[in-house]
Amino acid sequence: MLYYSLNRQSPKVSFKEATIKGQASDKGLYFPENIPVLPKMFFDNIGSYSKEEIAFNIIYPYIENEIPRNELEEIILEAINFDFPLVKINQNIFSLELFHGPTLAFKDVGARFMSRCLRYFVKEHDKHVTVLVATSGDTGGAVANGFYDVEGVTVVILYPSGKVSNIQELQLTTLGKNISALEVNGTFDDCQQLVKEAFADAGLNKELFLTSANSINIARWLPQQFYYFFAYQQWNDKDNPPVFCVPSGNFGNLCAGLLAHRSGLPVQHFVAACNANNAIPEYLSNGNFYPKKAVATLSNAMDVGNPSNFVRMLELFNREFGSLKNALTSYSISDPETIKTISDVHAETGYLLDPHGSVGYLSLKKYLQAHKKQKGIVLETAHPVKFHDVVEPIIDAQVPVPVSIKNLLGKEKKSQKINMDYNSLKEYLLS
Ligand SMILES: *Cc1c(COP(=O)(O)O)cnc(C)c1O
């Protein structure tokens, strides 16, 4: 499989090159030259496959022999070594719990898969790579954990000071070894801007071999398809495929779902759930895409004003606004609605949503109210305990703390503060 740049000004590359480079030299995002279609038999028999077998079938056409079969099987085994249960919340809404990995968020899948691919490619070439990544909250922890102690890789994480939860901050600042964290005096978009400048800096790139681990990297993006298939495997009503609702920020997760659908996964419809950062809901309502400055909300991992995967979303529909609009509906949910939904769902069903899942739940509910015969799955992208400071006052109870988090709480935060200024970042990277 070859990958082309969506800016179409640089050559096509292999999976390996796309993984190592992250972004094309013309600053475009990579996109697969063709989208594999899985045979109908695969879906008819999906109940008889293990989740590793499902994952292998999905990802193999994207990698082919660039990673030997036994290595790829090992990478998959390590990347998805936790559960992906589909839990019923009420008559027509199910929660796909993606928070059973080490950092309690869905990003564990992509981060673990990518880190292990990179480990393989670095080992093969005796290279040293610096992974530079901006996080709005959850990417940092998942990437830090996924790359921790991976030989040949140094990781530098930029996060907006005071805008991530205390657990998120501990997850990305306490590991040490090959992982370091920079606390930026600014927003997530500022962090992303600094990272972009570093990638565009030819001088810096002569000194360091830089790559990204944001969802723009195909080795993080492509494996996010896996759990849409795991959900379908657990879906009982195969004659009435699910509506998938995806809490969205940079839209990597949603685009992975769209890609899975293009590969044949039966899906009724997609709903993109957004918080007050509503560039995509507005685009779908009037056809105009205006990136904005991010505003801070309770679902902070979705505080993105200029979603980087928007171009992939367009490409998935051959840039036809009409087909995109047919397949996708999007809602913008306010913080008061987010709070009320956590409270209502907990009172009515006992199920505890995190703020991101809450934005998803309400969006899905709104969609289903207009489509009464359909049922849906909301991707519960983080464990509520990661946002205990938001959730606990709403339900007036404590959220039990999993062991992995208990271990974190006693650890010492190690980060370096920098201003929203590219030279500070450059100095740090070269020191
Ligand atoms: C990253 C994240 C999102 C948004 O995912 P995108 O792929 O950027 O759209 C949603 N919820 C949680 C908990 C996240 O960590």
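As the structure is a computational prediction, the values presented were derived from the model and not from experiment.
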*Any side-chain heavy atom of Leu204 within less than 4.5 Å of one from Tyr422?*
yes

*Would Lys373 and Asn240 count as having a side-chain donor-acceptor pair, cut-off 3.5 Å?*
no

_I'd like to know if Glu33 and Lys12 make a salt bridge, using a cut-off of under 4.0 Å between side-chain N and carboxylate O._
yes

*So how far is it from Asp201 CG to Lys196 NZ, rounded to the nearest 0.5 Å?*
16.0 Å

*If we ignore angles and hydrogens, is there a donor and acceptor under 3.5 Å between the side chains of Thr349 and Asn90?*
no

*Ser115 and Tyr148: CA distance, side-chain angles, deciding distance, side chain to side chain donor-acceptor pair (under 3.5 Å) verdict*: CA-CA 9 Å; Ser115 63; Tyr148 179 63; over 6 Å; no

*Can you find a pair of side-chain heavy atoms, one from Thr211 and one from Gln23, that are under 4.5 Å apart?*
no

*Could Glu71 and Arg116 be called an ion pair, given the rule that one side-chain N must be under 4.0 Å from one carboxylate O?*
no

*With no hydrogens and no angle check, do the side chains of Lys375 and Gln268 hold a donor and an acceptor under 3.5 Å apart?*
no

*asked:* Under 6.0 Å between ring centres: does that hold for Tyr3 and Phe31?
replied: no

*Compare all side-chain heavy atoms of Pro247 with those of Met302 and state whether any distance is below 4.5 angstrom.*
yes

_Measuring only between side-chain heavy atoms, which start at C-beta, is Leu118 closer than 4.5 Å to Val131?_
yes

*Mind checking the CG-CZ spacing from Leu77 to Phe56? Nearest 0.5 Å is all I need.*
12.5 Å

*asked:* Testing the basics here: between Ala219 and Phe15, what is the closest heavy-atom pair and its distance to 0.1 Å?
replied: CB-CZ, 4.0 Å

_Before you tell me yes or no, could you show the steps for Tyr30 and Trp221 under ring pair (Phe, Tyr, Trp, His ring centres under 6.0 Å), namely the whole-Å CA-CA distance, both residues' side-chain angles and the distance that decides it to 0.1 Å?_
CA-CA 10 Å; Tyr30 282 119; Trp221 179 49; over 10 Å; no

_Let me confirm one number: the CD1-OG distance from Ile58 to Ser263, rounded to the nearest 0.5 Å._
8.0 Å

*asked:* Restricting to non-hydrogen atoms, name the atom on Glu337 and the atom on Lys366 that form the minimum distance, rounded to 0.1 Å.
replied: OE2-NZ, 3.3 Å

*Are Phe84 and Phe226 an aromatic pair by the rule of ring centers under 6.0 Å?*
no

*Which heavy-atom pair separates Ile167 from His388 by the least distance, and what is that distance?*
CD1-CD2, 3.6 Å

*Can Thr297 and Asn275 be counted as having a side-chain donor-acceptor contact under 3.5 angstrom?*
yes

*Does Arg220 reach the side chain of Thr139, with side-chain heavy atoms less than 4.5 Å apart?*
yes

*asked:* Between Phe229 and Leu38, is there a side-chain heavy-atom distance shorter than 4.5 Å?
replied: yes

*Say you draw a straight line from CG of Leu96 to OH of Tyr227; how long is it, rounded to the nearest 0.5 Å?*
8.5 Å

*How far apart are the C-alpha atoms of Thr187 and Asp190, what are their side-chain angles, what is the distance that settles it, and do they pass the side-chain contact (heavy atoms from CB on, under 4.5 Å) test?*
CA-CA 5 Å; Thr187 63; Asp190 293 334; 3.3 Å; yes

*Between Ser10 and Tyr4, is any side-chain donor less than 3.5 angstrom from a side-chain acceptor?*
no

*Could you walk me through whether Phe251 and Phe310 pass the ring pair (Phe, Tyr, Trp, His ring centres under 6.0 Å) test, one step at a time?*
CA-CA 7 Å; Phe251 282 74; Phe310 177 64; 8.3 Å; no

*Is the closest side-chain donor-acceptor distance between Ser5 and Asp26 under 3.5 Å?*
yes

*Scan side-chain atoms only and decide if Ser415 and Glu183 contain a donor-acceptor pair under the 3.5 Å cut-off.*
yes

_Verdict with reasoning, Glu197 to Lys426, per salt bridge (Lys or Arg N to Asp or Glu O under 4.0 Å)_ = CA-CA 9 Å; Glu197 282 182 52; Lys426 185 168 180 172; over 6 Å; no

_Asn145 vs Thr103, test: side chain to side chain donor-acceptor pair (under 3.5 Å). Steps then yes/no._
CA-CA 7 Å; Asn145 192 286; Thr103 73; over 6 Å; no

*Sub-3.5 Å donor-acceptor pair from the side chain of Gln234 to the main-chain atoms of Phe230, do we have one?*
yes

_Against the six-membered ring of Tyr232, is Lys238 placed for a cation-pi contact (under 6.0 Å from the centre, within 45° of the normal)?_
yes

*asked:* Strictly distance-based, threshold 3.5 Å: is any side-chain N or O of Ser330 a donor or acceptor partner for the main-chain N or O of Ala272?
replied: yes

*Decide if the gap between the ring center of His356 and the ring center of Phe387 is smaller than 6.0 angstrom.*
yes

*Is Lys340 salt-bridged to Asp344, going by a charged N under 4.0 Å from an acidic O?*
yes

*Would you give the length of the straight line joining atom CD1 of Ile46 to atom CZ of Phe43, rounded to the nearest 0.5 angstrom?*
6.5 Å

_Between Ser95 and Tyr351, is there a side-chain heavy-atom distance shorter than 4.5 Å?_
yes

*asked:* Please find the pair of heavy atoms, one from Ile333 and one from Ser363, that lie closest to each other, and give the distance.
replied: CG1-OG, 3.5 Å

*Side chains of Phe321 and Tyr283: does their closest heavy-atom pair fall under 4.5 Å?*
yes

*Enter the distance from Ser50:OG to Ile80:CD1 here, rounded to the nearest 0.5 Å.*
7.5 Å

_Salt-bridge contact Lys325-Glu320 (side-chain N to carboxylate O under 4.0 Å)_ = no

*At their closest point, which heavy atom of Ser308 faces which heavy atom of Leu29, and how far apart are they?*
O-CD2, 3.4 Å

_Using a strict threshold of under 4.0 Å (side-chain N to carboxylate O), is an ion pair present between Lys163 and Asp303?_
no

*Does a donor on one side chain and an acceptor on the other come within less than 3.5 Å for Tyr290 and Asn306?*
no

*Non-hydrogen atoms of Lys107 and Ala301 that approach each other most closely*: NZ-CB, 4.5 Å

*May I ask you to decide whether Arg8 forms a salt bridge with Glu315, counting only side-chain N to carboxylate O separations under 4.0 Å?*
yes

